[in-house]
Amino acid sequence: MPTITILGATGGTGRELIRQALSRGHRVRAVARTPSRLTSDPYLPADHPDLTVITADVLDPAALKRALDGAEIIVSALGITSGGPSAAPGPSGPGMGVVRPGFTGGGVLGASGLGVNGGEAAVVAGSDGTGGPGVSGSEAAVVAGSDGIGGAGGTGGLGVSGVSGGLGVSGGEAAGVAGLGLAGGVALGVLAAGARGAAASGARVVWLSALGVGPSAAAAGFLTRALLGVFMRKELPDRVAAAETVLAAGGTVVHAGPLSDGPLSASRRILTLSELPRSLFPARVSRATVAAAMLDEVESGRFMGRPVVVVS
């Protein structure tokens, strides 16, 4: 059995991943910013011989690199918690943003139909500004809640009203993702930072994301996208950037609807986006079911490089 490295190990889904991975016979490396939250949990086998707890903050690139060194498979249940750190500075200089492979159609919050080719940023409702060169007849724009955009490439970028400057990106692609402060370098959100570290490790990655984010936006439907825009507006760009980074690295992004603490569903399925039945709202799915589906993908590798959805 391969060793599984788990990011976001102290959350509800992360703990389910630990318990179920150990029960399946995997060796587990649990990465946690606060390890005591795991070692003090009476429902976790903290003294299990196949469990190693590693202290690291995903917003500390050096610590994350050490934690992921030698990882075979990385499974992420990272989330954004209120009151916790949300961003950290990244390396300075042009072109150091999150990898954005782009989608053809889809997108988030009204970005449907704005083909994003070659990595250009897509327009998203509620964005702070627009700019950059025309992209296939449309303008490149900022993702909702982002701090700035890129210019036409080269050193520096175009300042935008209320924005602290742009970032030159080769080829003229526009940059700008939530938490990417563009003055004096780039700051990555928690999810984008974790995804970039996971992708750079060379390990196979299975990443948890919300249904309606990034490539799953069109499949989730307009109403879900609109609700995410209201309740997750500040988080969306970070979530989108993380999913795109994982997919670009050949990983699997597992989307799930609203999470619950219900029991594990024996009838769980992993569907491609085209197989997902259309509905007004996404169905709830238990954390235990999501964890089991992610481990199913770890063991099968059926959907590498693809976005999928877990249903009960």
Lys65 and Asp60: CA distance, side-chain angles, deciding distance, salt bridge (Lys or Arg N to Asp or Glu O under 4.0 Å) verdict = CA-CA 9 Å; Lys65 185 176 185 300; Asp60 181 339; over 6 Å; no

Steps toward side chain to side chain contact (heavy atoms under 4.5 Å, CB included) verdict (Leu51, Leu22) = CA-CA 8 Å; Leu51 174 62; Leu22 290 172; 4.2 Å; yes

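Distance alone, capped at 3.5 Å, places no donor-acceptor pair between the Gln20 side chain and the Leu17 backbone. At distances below 3.5 Å, not a single donor-acceptor pair connects side-chain atoms of Asp57 with backbone N or O atoms of Arg33. With hydrogens and angles disregarded, a donor-acceptor distance shorter than 3.5 Å links the side chain of Arg204 to the backbone of Val298.
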Under 3.5 Å, which donor-acceptor pairs do the side chains of residues 246-254 form with other protein atoms, sequence neighbours left out?
from, atom 1, to, atom 2, distance (Å)
Thr252, OG1, Glu297, OE2, 2.9
Thr252, OG1, Phe303, O, 3.1

Show me the donor-acceptor pairs within less than 3.5 Å that the side chains of residues 276-287 make with the rest of the protein, sequence neighbours left out.
from, atom 1, to, atom 2, distance (Å)
Arg278, NH1, Leu276, O, 3.0
Ser279, OG, Phe281, O, 2.9
Arg284, NH2, Leu259, O, 3.0
Ser286, OG, Pro263, O, 2.9
Ser286, OG, Thr289, N, 3.0
Ser286, OG, Thr289, OG1, 2.7
Arg287, NH1, Ser260, O, 3.4
Arg287, NH1, Asp261, OD1, 2.7

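With sequence neighbours left out, Asp50 forms a salt bridge (Lys or Arg N to Asp or Glu O under 4.0 Å) with no residue at all. The side-chain contact (heavy atoms from CB on, under 4.5 Å) test applied to Ala9 returns Ile6, Ile18, Ala30, Leu38, not counting sequence neighbours. Among residues two or more places apart in sequence or in another chain, the side chain to side chain donor-acceptor pair (under 3.5 Å) test is passed with Ser267 by Ser265. Scanning for salt bridge (Lys or Arg N to Asp or Glu O under 4.0 Å) contacts around Arg19 gives Glu16, with sequence neighbours left out.
Transitive grouping of hydrophobic side chains (ILVMFWY, heavy atoms separated by less than 4.5 Å) brings Val311 and Leu211 into a common cluster. Cluster annotation: Val206 is connected to Leu295 through the hydrophobic network of ILVMFWY side chains, with a link wherever side-chain heavy atoms come within less than 4.5 Å. Leu78 and Val31 fall within the same hydrophobic cluster, where Ile, Leu, Val, Met, Phe, Trp and Tyr residues are linked whenever their side-chain heavy atoms come under 4.5 Å apart, directly or through other members. Put simply, Ile270 and Val290 are part of the same group of oily side chains (I, L, V, M, F, W, Y) that touch within less than 4.5 Å, one to the next. The cluster map of Ile, Leu, Val, Met, Phe, Trp and Tyr, joined by side-chain heavy atoms under 4.5 Å apart, puts Val205 and Val190 in the same cluster.
To the nearest 0.5 Å, atom CG of residue Leu228 and atom OG of residue Ser216 are 8.0 Å apart. Between Arg15 atom CZ and Leu44 atom CG the span is 6.0 Å, to the nearest 0.5 Å.
A salt bridge links Arg268 with Asp296: the distance from a Lys NZ or Arg NE/NH1/NH2 to an Asp or Glu carboxylate oxygen falls below 4.0 Å.
Side-chain contact check for Val28 versus Thr52: every heavy-atom pair is 4.5 Å or farther apart. Between Thr55 and Val53 the shortest side-chain heavy-atom distance does not fall below 4.5 Å. The side-chain heavy atoms of Leu208 and Thr13, taken from C-beta on, include a pair separated by under 4.5 Å. Looking at Val75 and Leu7, their side chains never come closer than 4.5 Å, going by heavy atoms from C-beta outward. Side-chain contact between His255 and Val310 is absent, with no heavy atoms from C-beta onward closer than 4.5 Å. Residues Glu72 and Arg29 have side chains not in contact (no heavy-atom distance under 4.5 Å, counting atoms from C-beta outward).
Contact between Ala193 and Val58 at its shortest, heavy atoms only, is CB-O, 3.7 Å. Taking each heavy atom of Arg306 and Thr272 in turn, the nearest pair found is NH2-CG2, 3.0 Å. Listed here is the closest heavy atom pair of Ile74 and Ser201: CD1-OG, 3.3 Å. Shortest non-hydrogen contact noted between Pro215 and Leu273 is O-CD1, 3.1 Å. When all heavy atoms are compared, the tightest approach of Trp207 to Ala195 is CH2-N, 3.3 Å. Contact record, Val213 with Arg239: CG1-CB, 3.7 Å, taken as the closest heavy-atom pair.
Between the side chains of His26 and Glu299, at least one donor N or O sits under 3.5 Å from an acceptor N or O.
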